[in-house]
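A short worksheet on the structure shown next.
Note: hydrogens, waters and symmetry copies are ignored here, and every other heavy atom, side chains too, is used. In what follows, every chain begins at residue 1, and chains take the letters A, B, ... in the order their sequences are listed.
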2 protein chains.
Amino acid sequence: MIFSSKAEYGVRLMVELGRQSPEQPTSLKAIADAEGLPLAYLEQVVARLRKAGLVMSARGAHGGYWLARPAEEIAMVDVVQALEGAIAPMECFVHDHTERVLCSHEPDAGRGCATKLLWTRVQGGIIRSLQTTTLADLVEFSRRHDGEQSIGADAQRERATGGPEREPASVA
Amino acid sequence: MIFSSKAEYGVRLMVELGRQSPEQPTSLKAIADAEGLPLAYLEQVVARLRKAGLVMSARGAHGGYWLARPAEEIAMVDVVQALEGAIAPMECFVHDHTERVLCSHEPDAGRGCATKLLWTRVQGGIIRSLQTTTLADLVEFSRRHDGEQSIGADAQRERATGGPEREPASVA
DNA sequence: TCCATATCCTACCAGGGCGGTCGGATTGCC
DNA sequence: GGCAATCCGACCGCCCTGGTAGGATATGGA
């Protein structure tokens, strides 16, 4: 498998936050209960998102987490990278901060791995798909398939009449 | 990391086979020496390729492996799938033989994972990149960056210079 | 016929990462 | 102060990965 459960949990967490109103923080416990995920483990997951500047937090009673910016402006590539680290198809395939692609199997600098071409294309395919998907796409998808049930369903339904206009994103 | 070393080794092996003439089999030992890979482990790797019908083999002295069909007709998606198993971005994301995409996180059938959309797109990106790359592409790339050195370089050099001499660079 | 070479097969093993738990420190609203 | 919540780091079992070991089988050549 390609991504670990950190990515799965983290994305679900982000989607859940995307469904909440950004004014009030959502507690991890509420998300853990809603998604059926272990709270203590979610803490580790959300810590990565916070360090990446994707979510913000408030401590103490009635604290919690919320999106650092609107879901429309969050590309999933940033989310997944925060959760999984650099997206590289192979161990030997790490971009350093410059342009160069390093590969431990290249005996001399300048010679190319036979496989470098392949992994480059695969990496491109992954990153492109993650760049063109925003968190808002997933939130929208989630809303359509889940109805309006959510953590704050009661509060949300109250506001629901003056609903915002959102353009439907293309679904895979 | 996304793919294991089985994929790396297996792809390198396939590229090496693609550089050989298909008439005569290439022994695993020659490939292991050329690429600096452990022979015993390569046996396990090549077994997968053989079972997938991508390479053929001959046992006994002067035996070895060769491509089952021309490199132009081998899509890398088949190679990687043979080596890694089904390509799924997540544990919970397995196609059964029918059309359905199963996800263990779907609480009720018919409801959608919030993340299903994302993993579907990622999977699509990976598979597309693997489908549009053939083994011949990699062989060509390898030839351009490696010159013509290859396993059969000894015979080639003898023919060219008329005698054994120090090899200027390792093939690996 | 015997040997060298090579594929084929199964079992085995150490290490590390993954998924997860635990205990506690800190913060802040009531 | 008490409770709810974020924060932090240590710990831990399981399984998969990468690799080794040892042998059985097949085949061409001397």
Between dT6(D) atom P and Leu42(A) atom CG, what is the distance in whole Å? 10 Å
Determine whether Arg144(B) and Glu140(B) satisfy the following criterion, salt bridge (Lys or Arg N to Asp or Glu O under 4.0 Å), listing intermediate values before the conclusion. CA-CA 6 Å; Arg144(B) 273 214 311 275; Glu140(B) 223 268 316; 2.7 Å; yes
Report whether Leu42(A) and Trp66(A) are members of the same hydrophobic cluster (ILVMFWY, side-chain heavy atoms less than 4.5 Å apart, transitive linking). no
For dG18(D), take OP1 and OP2 only and decide whether either is under 4.0 Å from a side-chain N or O of Tyr9(B). no
What's the CD-P distance between Glu35(A) and dG20(C), to the nearest Å? 14 Å
Is there a donor N/O on one and an acceptor N/O on the other, under 3.5 Å, for the side chain of Glu43(B) and the base of dT10(C)? no
What's the closest nucleotide to the Arg59(A) side chain, out of dC7(D), dG19(D), dG29(D)? dC7(D)
How do Leu39(A) and His62(A) order along DNA chain C: which one's closest nucleotide is nearer the 5' end? Leu39(A)
Salt bridge check, Arg12(A) against Glu16(A): does any charged N sit closer than 4.0 Å to a carboxylate O? no
Rounded to whole Å, how long is the line connecting atom CZ of Arg48(A) with atom P of dC7(D)? 16 Å
Under 4.0 Å between a side-chain N or O of Tyr65(A) and OP1 or OP2 of dC7(D)? yes
Mind checking if Ala47(A) touches a base, just sugar-phosphate, or nothing, with heavy atoms under 4.0 Å? nothing
Nearest-angstrom distance from the residue atom CG of Asp33(B) to P of dT5(C): 13 Å
Please confirm whether the backbone N or O of Ala75(B) pairs with a side-chain atom of Gln131(B), one donor and one acceptor, at under 3.5 Å? no
Separation of dT17(D) C1' from Glu84(B) CD (nearest whole Å): 10 Å
Please verify the inter-ring angle class for Tyr41(B) with Tyr9(B); under 30° counts as parallel, over 60° as perpendicular, anything in between as tilted. perpendicular
Nucleotide of dG29(D), dA11(C), dT6(D) approaching Ser57(A) most closely (side-chain heavy atoms): dT6(D)
For atom CG of Leu49(A) and atom P of dT6(D), their distance in whole Å: 13 Å
Taking donor-acceptor contacts at under 3.5 Å, does the side chain of Gln44(A) reach the base of dT21(C)? yes
Of the nucleotides dA4(C), dC29(C), dA6(C), which has the atom closest to the Ala61(A) side chain? dC29(C)
Given dG28(C), dT20(D), dT6(D), identify the nucleotide with an atom nearest to the side chain of Ala40(B). dT20(D)
Got more than 12 heavy atoms from elsewhere within 6.0 Å of CD, Gln24(B)? no
Spacing between Leu37(A) atom CG and dT21(C) atom C1', to the nearest angstrom: 15 Å
Nearest-nucleotide pick for Tyr41(B), side chain only, options being dG19(D), dG20(C), dA25(C): dG19(D)
In whole angstroms, how far is the C1' atom of dG19(D) from the CD atom of Glu8(B)? 16 Å
From the candidates dT21(C), dC9(C), dC29(C), the one with an atom nearest any side-chain atom of Arg50(B) is dC9(C)
Would you tell me if any nitrogen or oxygen in the side chain of Ser4(A) comes within less than 4.0 Å of OP1 or OP2 on dG17(C)? no
